[in-house]
Amino acid sequence: MNSLATLVNRRDVSEAEGMIGEFSALLRYGLAADPVAEVELADEVDMQLRYLTLARRRFAHLMTVTIDVDDDVRHARLPALILQPLVENAIKHGVAMTSVRAALDTGVPVRREHARRPDRG
């Protein structure tokens with residue numbers, strides 16, 4: 001909200017409108033999320049990218065972001081908003097606490113395991 005107030009004070013209407021749009025999408029997702037439902041990893045990552053878009057407006061000079069999700073797991077199901085505290089804490093306790101450029105690198109590697117068939121012998 002502080003970043004938005006700064007944009008309004010500077011009369012940067014275009015940037016403020018963009019930020020309001022991202023913030024609105026983030027709020028809608030959070031309010032619509034069923035706390036016991038699962039969502040696709042791709043949707044959860046997209047929402048975190050919206051959050052990071054807002055954070056970059058505030059910390060653009062301090063952070064770079066890289067997210068790497070293998071296509072094989074984009075449809076995996078997980079609890080809604082489970083990534084939010086991880087991303088938020090990385091910003092709050094990492095990026096916001098430093099005066100040097102920080103990299104926020106995250107990914108979802110694919111680990112393939114072969115299922116063992118039970119011995120019916």
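No hydrogens, no waters, no symmetry mates; every other heavy atom, side chains included, goes into these values.
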Output side-chain donor-acceptor pairs under 3.5 Å for residues 79-90, partner residues at least two apart or in another chain, one line each.
unit_1	atom_1	unit_2	atom_2	d
Gln84	OE1	Gln48	NE2	3.2
Gln84	NE2	Glu88	OE1	3.3
Asn89	ND2	Pro85	O	3.2

Would you list the atom pairs, donor with acceptor, under 3.5 Å between side chains in residues 25-35 and any protein atom, with sequence neighbours excluded?
unit_1	atom_1	unit_2	atom_2	d
Tyr29	OH	Glu44	OE1	2.9
Asp34	OD1	Val36	N	3.1

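With sequence neighbours excluded, no residue forms a side-chain hydrogen bond (donor to acceptor under 3.5 Å, both in side chains) with Ser14. Judged as a side-chain hydrogen bond (donor to acceptor under 3.5 Å, both in side chains), and not counting sequence neighbours, His93 has no contacts. Take Arg74 and apply the side-chain contact (heavy atoms from CB on, under 4.5 Å) test, not counting sequence neighbours, and it matches Ala42, Asp46, Val69, Asp71. Residues meeting the side-chain contact (heavy atoms from CB on, under 4.5 Å) test with Arg57, sequence neighbours left out: Glu15, Met19, Thr53.
In this structure, Met47 and Val39 have side chains that are not in contact, with every pair of non-hydrogen atoms separated by 4.5 Å or more. Looking at heavy atoms from C-beta onward, Val65 lies in side-chain contact with Arg56 at the 4.5 angstrom threshold. Between Val13 and Glu17 the shortest side-chain heavy-atom distance falls below 4.5 Å.
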Stepwise side-chain contact (heavy atoms from CB on, under 4.5 Å) test for Glu38 and Leu78: CA-CA 5 Å; Glu38 292 184 339; Leu78 66 159; 6.0 Å; no
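Distance check, rounded to the nearest 0.5 Å: CE of Met63 to CG of Leu52 gives 5.0 Å. Taking NE2 from His75 and CD from Glu40, the interatomic distance works out to 5.5 Å, rounded to the nearest 0.5 Å.
With a 6.0 Å radius and a threshold of 12 heavy atoms from other residues, nucleotides or ligands, Phe23 has its CZ atom at or below the threshold.
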